[in-house]
Amino acid sequence: MPELPEVEVTRRSFAGQIAGARILSANLGKPLRWPLSAPPATLIGHVVAAVRRRGKYLLLDIDDGRLLLIHLGMSGSLRFFQTCPPAGKHDHFDLVTSRGTLRLHDPRRFGAVVLTPGEQSDAAQRLLGRLGVEPLGDGFDLVSFQAGLRQRNAPVKQVLLAGELVVGVGNIYASEALFQAGIRPTRKACRIGSESSARLHAAIRSVLASAVELGGSTLKDFSSASGEAGHFQLSACVYGREGLPCVRCGRPVRKMLQGQRSTYFCAACQR
DNA sequence: CTATGGACCTGAATGC
DNA sequence: TGCATTCAGGTCCATA
């Protein structure tokens, strides 16, 4: 489900409520992707100082310097409840605080909750250390992005998904950004001209920013921590539109597989 | 080093 | 109706 916009929308929907809240208990259900590196009981009595985001990870700063990392995987979503209903079959983590309960719902359990000693610890850096720059931040400058592309021989879509150049661009938004930039997803990154790569740079920013504005994509079951659905998918130009007319030229949108994942594009508009 | 494919897990949609 | 197959928003890991 969640790419950067969904994670950011989720963060914004509960960060203000949980910041300053005292942890009353932390309960795990079925195992998630990585084990907790410390017993969750060690969180009790501590305060959640802030909620940040890095790529597709949510970072909960604990008042003693520890960092609780949450990743939503493919099917995860978070809700923040004032009064928390009983846990359902796919609710696998509850952080009960003085201001409400943060609950992770994740049917496929590709998500993760990892308690680390701090952002610079090995445990945290193992997950965060190789992430590329934030696409909506100042670090995403055109010149370094173009230089990064020139170094990669892989198809540009795979380079975006790898997240080593720039984070947060997942399967939906990679297709959308490449469509907006007029670049064929199979084109080798190092063979993209500087005008095209400048368009891609701008497209990544604008696609992600507009998805955040629209509250993310609601394909299957995404909603924010307050339960709001997103609306980006209504404005998707190519993703999930195989066979439907390209919004620009009217020819049918095509679907192909790249690295076992669906890619949507317009063969006429993208070269 | 890179590129590829499998692994993790469940549920919904599709096909026969 | 029932059962098997395919697909889904992510990422790590083993293998060539």
Side-chain angles (χ1 to χ4, degrees), chain A residues 1-11 28-35 53-58 69-78 88-93 104-114 122-132 135 148-178 185-190 207-208 211-212 214-224 229-236 238-243 255-264:
Chain A
M1 159 200 29
E3 301 180 37
L4 182 147
E6 290 73 35
V7 178
E8 177 61 16
V9 166
T10 296
R11 188 191 70 80
L28 287 165
K30 283 192 184 176
L32 294 161
R33 175 122 199 222
W34 298 294
R53 180 189 55 73
R54 178 75 179 96
K56 297 169 190 168
Y57 289 89
L58 285 171
L69 297 173
I70 299 179
H71 196 288
L72 301 178
M74 289 279 262
S75 59
S77 57
L78 288 168
K89 186 178 177 187
H90 299 302
D91 297 329
H92 302 303
F93 178 72
L104 175 64
H105 175 86
D106 186 2
R108 293 176 72 183
R109 292 190 282 123
F110 290 171
V113 177
V114 181
D122 289 350
Q125 285 302 309
R126 191 175 153 189
L127 300 175
L128 306 176
R130 280 177 209 152
L131 298 183
L149 289 178
R150 265 182 257 117
Q151 282 176 263
R152 319 255 165 172
N153 190 42
V156 58
K157 189 205 178 206
Q158 319 259 73
V159 170
L160 295 180
L161 287 184
E164 288 162 359
L165 257 191
V166 57
V167 291
V169 184
N171 207 37
I172 298 177
Y173 301 115
S175 283
E176 293 300 310
L178 288 164
T186 46
R187 161 149 285 160
K188 295 196 176 213
C190 56
V207 163
L208 294 178
V212 170
L214 290 168
S217 295
T218 302
L219 283 189
K220 289 271 195 303
D221 52 6
F222 173 74
S223 69
S224 68
H231 303 288
F232 177 87
Q233 72 279 7
L234 300 175
S235 69
V238 286
Y239 187 87
R241 293 179 41 88
E242 182 185 17
K255 177 182 177 177
M256 67 177 300
L257 279 185
Q258 283 184 288
Q260 334 285 82
R261 317 218 41 205
S262 299
T263 296
Y264 297 85

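Residue numbers begin at 1 in each chain, while the letters A, B, ... track the order of the sequences.
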*Asks:* Can you check side chain to side chain contact (heavy atoms under 4.5 Å, CB included) on A/I70 and A/Y57, steps first, answer last?
*Replies:* CA-CA 6 Å; A/I70 299 179; A/Y57 289 89; over 6 Å; no

*Asks:* When the nearest nucleotide of DNA chain B is assigned to A/Q158 and to A/K89 on a heavy-atom basis, which residue is associated with the more 5' position?
*Replies:*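 Result of the comparison: A/Q158.
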
*Asks:* Side chain of A/N153 only, heavy atoms from C-beta on: which candidate in C/dC7, C/dT11, B/dA3 is closest?
*Replies:* B/dA3

*Asks:* Need one value for A/A112: base, sugar-phosphate or nothing, where a base atom within 4.0 Å counts as base even if backbone is also close, heavy atoms only.
*Replies:* nothing

*Asks:* C/dC13 phosphate, OP1 or OP2: any side-chain N/O from A/R126 under 4.0 angstrom?
*Replies:*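 It does, given that an N or O in the side chain of A/R126 lies less than 4.0 Å from OP1 or OP2 of C/dC13.
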
*Asks:* Could you grab the distance from atom CZ of A/R108 to atom CG of A/L32, nearest 0.5 Å is fine?
*Replies:*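 With rounding to 0.5 Å, CZ (A/R108) is 14.0 Å from CG (A/L32).
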
*Asks:* Would you tell me if any nitrogen or oxygen in the side chain of A/S262 comes within less than 4.0 Å of OP1 or OP2 on C/dA8?
*Replies:* yes

*Asks:* Is the base of C/dT11 touched by the side chain of A/R33 through a donor-acceptor pair closer than 3.5 angstrom?
*Replies:*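 In this structure, the two groups form a donor-acceptor pair.
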
*Asks:* Once you round it to whole Å, what is the distance between P of C/dT11 and CZ of A/R261?
*Replies:*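 From A/R261 CZ to C/dT11 P: 9 Å.
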
*Asks:* Considering only the P atoms, how many Å lie between C/dT11 and B/dG11, rounded to the nearest integer?
*Replies:*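 My reading of the P atoms in C/dT11 and B/dG11 gives 22 Å.
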
*Asks:* Test A/W34 against A/V113 for side chain to side chain contact (heavy atoms under 4.5 Å, CB included), laying out the working first.
*Replies:* CA-CA 7 Å; A/W34 298 294; A/V113 177; over 6 Å; no

*Asks:* Between A/R261 (side chain only) and A/L161 (backbone N and O only), is there a donor and an acceptor less than 3.5 Å apart?
*Replies:*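 It does not hold such a pair.
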
*Asks:* On DNA chain C, compare the nucleotides closest to A/L127 and A/Q260; which residue's is nearer the 5' end?
*Replies:*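 Nearest nucleotide further toward 5': that of A/Q260.
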
*Asks:* Could you tell me the separation between the CH2 atom of A/W34 and the P atom of B/dC9, rounded to a whole number of Å?
*Replies:*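 The answer, rounded to whole Å, is 14 Å.
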
*Asks:* What's the verdict on side chain to side chain contact (heavy atoms under 4.5 Å, CB included) for A/L127 and A/L69, showing C-alpha distance, side-chain angles and the deciding distance?
*Replies:* CA-CA 9 Å; A/L127 300 175; A/L69 297 173; 3.8 Å; yes

*Asks:* Between B/dC9 atom P and A/H105 atom NE2, what is the distance in whole Å?
*Replies:* 17 Å

*Asks:* Please determine whether a side-chain nitrogen or oxygen atom of A/K30 lies at a distance below 4.0 Å from atom OP1 or OP2 of B/dC9.
*Replies:* no

*Asks:* Is A/H90 near enough to B/dC9 that one of its side-chain N or O atoms lies under 4.0 angstrom from OP1 or OP2?
*Replies:*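 So the side-chain polar atoms of A/H90 never come under 4.0 Å of the phosphate oxygens OP1 or OP2 of B/dC9.
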
*Asks:* Tell me every residue that passes side-chain contact (heavy atoms from CB on, under 4.5 Å) with A/Q258, counting only those two or more places apart in sequence or in another chain.
*Replies:*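 Testing A/Q258 for side-chain contact (heavy atoms from CB on, under 4.5 Å), a comparison that skips the adjacent residues, returns A/P155, A/K157, A/Q158, A/P185, A/T186, A/M256, A/T263.
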
*Asks:* Quick one: is C/dT11 close enough that its OP1 or OP2 comes under 4.0 Å of any side-chain N or O from A/H71?
*Replies:*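 For C/dT11, OP1/OP2 do have a side-chain N/O of A/H71 under 4.0 Å.
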
*Asks:* May I have the distance from A/I172 (atom CD1) to C/dA8 (atom P), rounded to whole angstrom?
*Replies:*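 Rounding to the nearest Å, CD1 of A/I172 and P of C/dA8 are 11 Å apart.
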
*Asks:* Does the side chain of A/H105 pick up a donor-acceptor pair with the side chain of A/D91 at under 3.5 Å?
*Replies:* yes

*Asks:* Hey, is A/F110 doing a stacking thing with B/dC8, by the 5.5 Å centroid and 30° angle criteria?
*Replies:* yes

*Asks:* What is the distance, to the nearest angstrom, from the CD atom on A/Q258 to the P atom on B/dA3?
*Replies:* 13 Å

*Asks:* Pairs counted only when both distances fall under 3.5 Å, Watson-Crick or G-U: show me the 5' to 3' dot-bracket for DNA chain C, [ ] for pseudoknotted crossings and | for other-strand partners.
*Replies:* .|||||||.|||||||

*Asks:* Using whole Å, report how far CG of A/L72 lies from C1' of C/dG10.
*Replies:* 10 Å

*Asks:* Quick one: does A/R187's side chain have a donor or acceptor within less than 3.5 Å of a partner on A/A189's backbone?
*Replies:* no

*Asks:* Determine whether any donor atom in the side chain of A/R108 lies under 3.5 Å from an acceptor atom in the base of C/dA8, or the reverse, and answer yes or no.
*Replies:* yes

*Asks:* Between A/Y57 and C/dT11, is there a contact of a side-chain N or O with OP1 or OP2 at under 4.0 Å?
*Replies:* no

*Asks:* How many Å lie between CG on A/L257 and P on C/dC7, as a whole number?
*Replies:* 7 Å

*Asks:* Using atom OH of A/Y173 as one end and atom C1' of C/dG10 as the other, report the distance to the nearest whole Å.
*Replies:* 14 Å

